[in-house]
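Written below as structure tokens is the structure these notes are about.
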Number of protein chains: 2
Amino acid sequence: MNQRPPVPERLLAAAADLFARDGFDAVSVRRITSRAKANLGAITYHFGSKEALFHAVIDRVGAHLADRFVSIAAEKGAPLERIGRIVTMVLTEPNLPAPTMILRELAMDRPLPPPLVQMMQRNMGAMMGLIREGQADGSIRAGDPALLAMSVMAQPFLLRMASRIPRDIAGVDGNDPSTQRKLVKHVVTTITRSLAS
Amino acid sequence: MNQRPPVPERLLAAAADLFARDGFDAVSVRRITSRAKANLGAITYHFGSKEALFHAVIDRVGAHLADRFVSIAAEKGAPLERIGRIVTMVLTEPNLPAPTMILRELAMDRPLPPPLVQMMQRNMGAMMGLIREGQADGSIRAGDPALLAMSVMAQPFLLRMASRIPRDIAGVDGNDPSTQRKLVKHVVTTITRSLAS
DNA sequence: CTTTGGTTCATACGTATGTATGAGTAGCTA
DNA sequence: TAGCTACTCATACATACGTATGAACCAAAG
């Protein structure tokens with residue numbers, strides 16, 4: 001019959017969901033093990049500590065996001081077009097906790113988890129590569145690729161949380177599909193204009 | 001002689017500093033009262049609860065940021081120029097915890113504190129007003145002012161935390177004054193290009 | 001069948017948490 | 001001077017926390 005996933009896998013899934021939503025400090029070990037239907041000691045046994053589990057979660061979701069960045073960057077198309085596809089992916093892909101977790105960790109006054117730094121390195125590497133390629137072919141303006149890359153990512157990372165902003169402030173209902181398309185179009189247009197030569 | 005500030009004021013200052021750095025969940029009542037040199041019961045007595053103190057802090061820092069937005073928006077100058085000044089202010093003003101606190105609360109899956117919503121309303125109102133003014137005089141391109149305003153604020157809000165990103169990833173040392181000028185110039189240029197008609 | 005190693009379990013521990021509370025203090029007013 | 005109010009204090013409370021630990025279980029190997 002169908003076996004349920006092993007305990008470490010269930011812990012990772014439960015922790016990913018809870019850490020993504022509420023952050024490291026607000027999520028307890030008991031809450032994770034309860035969600036995973038595992039024993040209280042399972043986290044310490046399999047991962048060593050709550051913090052180690054947190055790092056394993058970031059490694060998992062971070063690798064997923066970085067893989068998406070790198071894979072879209074490797075597709076065919078003009079650099080600006082591929083940048084648009086990455087931005088669209090960040091804005092529209094469901095179950096993508098990494099952007100929110102990055103922002104939250106950046107907003108905390110504590111060392112960045114190493115797996116998060118690794119993810120950022122890959123993301124920035126992919127984005128900077130596209131920017132350099134566009135600068136080489138003349139489609140993207142001159143400028144520091146790292147700064148341009150950070151500017152590019154700022155908007156989708158933050159506007160991905162647009163649904164959190166009351167609609168009378170945001171001007172859009174972030175949960176409505178047609179306004180999500182409008183948001184995507186807006187962000188892609190804005191980024192393209194700021195990069196174009 | 002010089003009197004020290006009253007207890008509620010000391011609690012607000014201590015809480016503002018600690019909540020700004022570490023967020024609501026990671027800061028304890030005992031840590032705040034210790035920093036404020038006040039009694040453990042002082043928070044409950046003066047504010048009602050830890051959460052009420054948190055809201056008071058957001059109200060305080062949020063009003064400050066909104067006041068800065070509104071006051072720069074009311075200065076003389078072209079709309080794009082004043083937008084540049086607001087962006088520069090966000091990136092360079094020391095002791096400005098509101099942007100980080102906004103991002104952190106947006107990244108949490110819980111209701112936004114009411115004072116934070118009020119602050120965002122004022123900030124967006126000021127920014128959208130400038131954008132509409134620019135659209136009216138032809139200097140800013142057509143587009144939904146709310147979306148344009150959110151795109152404008154995404155970059156400085158996020159890149160204000162550039163010093164948190166390891167310099168081999170960010171390409172700049174966010175703590176170095178000359179690279180801060182470079183960062184400001186980059187962000188203002190990027191935003192201006194994405195808005196210009 | 002026995003042994004072994006990995007895993008799960010229930011419980012315990014020391015510490016930490018936010019809030020509550022009665023006592024004491026200080027300043028003000030009639 | 002007495003009464004009152006606002007404030008501060010020290011302590012208590014119930015609950016929660018992350019981690020540790022020995023016992024029990026299970027599957028595989030010899």
Side-chain angles (χ1 to χ4, degrees), chain A residues 1-60 101 104-105 108-111 113-115, chain B residues 1-60 101 104-105 108-111 113-115:
Chain A
M1 291 322 217
N2 289 333
Q3 266 177 323
R4 69 180 183 170
V7 167
E9 189 50 44
R10 300 205 311 269
L11 289 172
L12 274 168
D17 184 51
L18 294 172
F19 283 144
R21 282 169 41 193
D22 299 323
F24 179 81
D25 301 298
V27 174
S28 68
V29 166
R30 284 166 177 79
R31 206 166 146 214
I32 297 169
T33 51
S34 173
R35 167 71 67 92
K37 297 191 192 328
N39 188 263
L40 180 61
I43 287 178
T44 305
Y45 180 83
H46 290 287
F47 294 91
S49 68
K50 178 188 177 187
E51 185 180 22
L53 173 61
F54 182 56
H55 286 195
V57 162
I58 293 185
D59 191 46
R60 158 94 46 115
M101 295 181 84
R104 195 188 292 126
E105 287 307 305
M108 304 299 265
D109 192 17
R110 66 189 174 208
Chain B
M1 291 324 219
N2 289 331
Q3 266 176 324
R4 67 179 184 173
V7 167
E9 191 50 44
R10 301 206 310 271
L11 289 171
L12 274 168
D17 184 52
L18 294 172
F19 284 143
R21 282 170 41 194
D22 298 324
F24 179 79
D25 301 301
V27 174
S28 66
V29 166
R30 283 164 178 79
R31 204 165 148 216
I32 298 170
T33 51
S34 173
R35 167 71 67 92
K37 296 189 191 336
N39 188 263
L40 180 62
I43 287 177
T44 304
Y45 180 83
H46 290 288
F47 294 91
S49 67
K50 178 188 176 186
E51 184 181 22
L53 174 61
F54 183 56
H55 286 195
V57 162
I58 292 183
D59 191 47
R60 159 95 44 118
M101 294 180 86
R104 194 189 293 126
E105 284 309 305
M108 305 298 264
D109 192 18
R110 67 191 175 205

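Lettering of chains follows the sequences in order, A, B, ..., and the numbering in each one begins at 1.
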Taken to the nearest 0.5 Å, the spacing of B/Asp25 CG from B/Phe19 CZ works out to 9.5 Å
Just how far is it from atom CD of A/Glu105 to atom CZ of A/Phe24, taken to the nearest 0.5 Å? 9.0 Å
Describe the nucleic acid contact of A/Leu40 in one word from base, sugar-phosphate, nothing, applying a heavy-atom distance below 4.0 Å. base
Indicate the atoms forming the closest heavy-atom contact of A/Pro115 with A/His55, along with that distance. CG-O, 3.4 Å
So CZ of A/Arg10 and OG1 of A/Thr33: to nearest 0.5 Å the spacing works out to 11.0 Å
Scan residues 7-24 of chain A against DNA chain C and write down, sorted by residue number, each residue with any heavy atom closer than 4.0 Å; if none is found, say none. A/Val7
With B/Phe47, which residues qualify under ring-ring contact (aromatic ring centres under 6.0 Å, His included), at least two apart? none
Would you please name every residue forming a side-chain contact (heavy atoms from CB on, under 4.5 Å) with A/Asp109, sequence neighbours left out? B/Arg21, B/Asp22
Rounded to the nearest 0.5 Å, what separation is found between the CG atom of A/Leu53 and the CG atom of A/Leu11? 6.5 Å
Outer limits of DNA chain D sitting under 4.0 Å from a non-hydrogen atom of chain B, read 5' to 3', are D/dA6 to D/dA12
Inter- and intrachain pairs under side-chain hydrogen bond (donor to acceptor under 3.5 Å, both in side chains), touching residues 35-52 of chain B, at least two apart: B/Asp17-B/Arg35
Starting at the 5' end of DNA chain C, which residue's closest nucleotide do you reach first, B/Asn39 or B/Ala26? B/Ala26
Can you list, by residue number, the residues of residues 44-56 of chain A that have a non-hydrogen atom closer than 4.0 angstrom to DNA chain D? A/Thr44, A/Ser49, A/Lys50
Specify the residues of residues 27-34 of chain A, ordered by number, for which at least one heavy atom lies under 4.0 angstrom from an atom of DNA chain D. A/Val27, A/Ser28, A/Val29, A/Arg30
Return the set of residues passing side-chain contact (heavy atoms from CB on, under 4.5 Å) with A/Glu9 (not counting sequence neighbours), or none when no residue passes. A/Pro5, A/Pro6, A/Leu12, A/Arg60
Which residues share a side-chain contact (heavy atoms from CB on, under 4.5 Å) with B/Ser34, sequence neighbours left out: none
Among all residues two or more places apart in sequence or in another chain, which pass the side-chain contact (heavy atoms from CB on, under 4.5 Å) test with B/Arg30? B/Ser28, B/Leu40
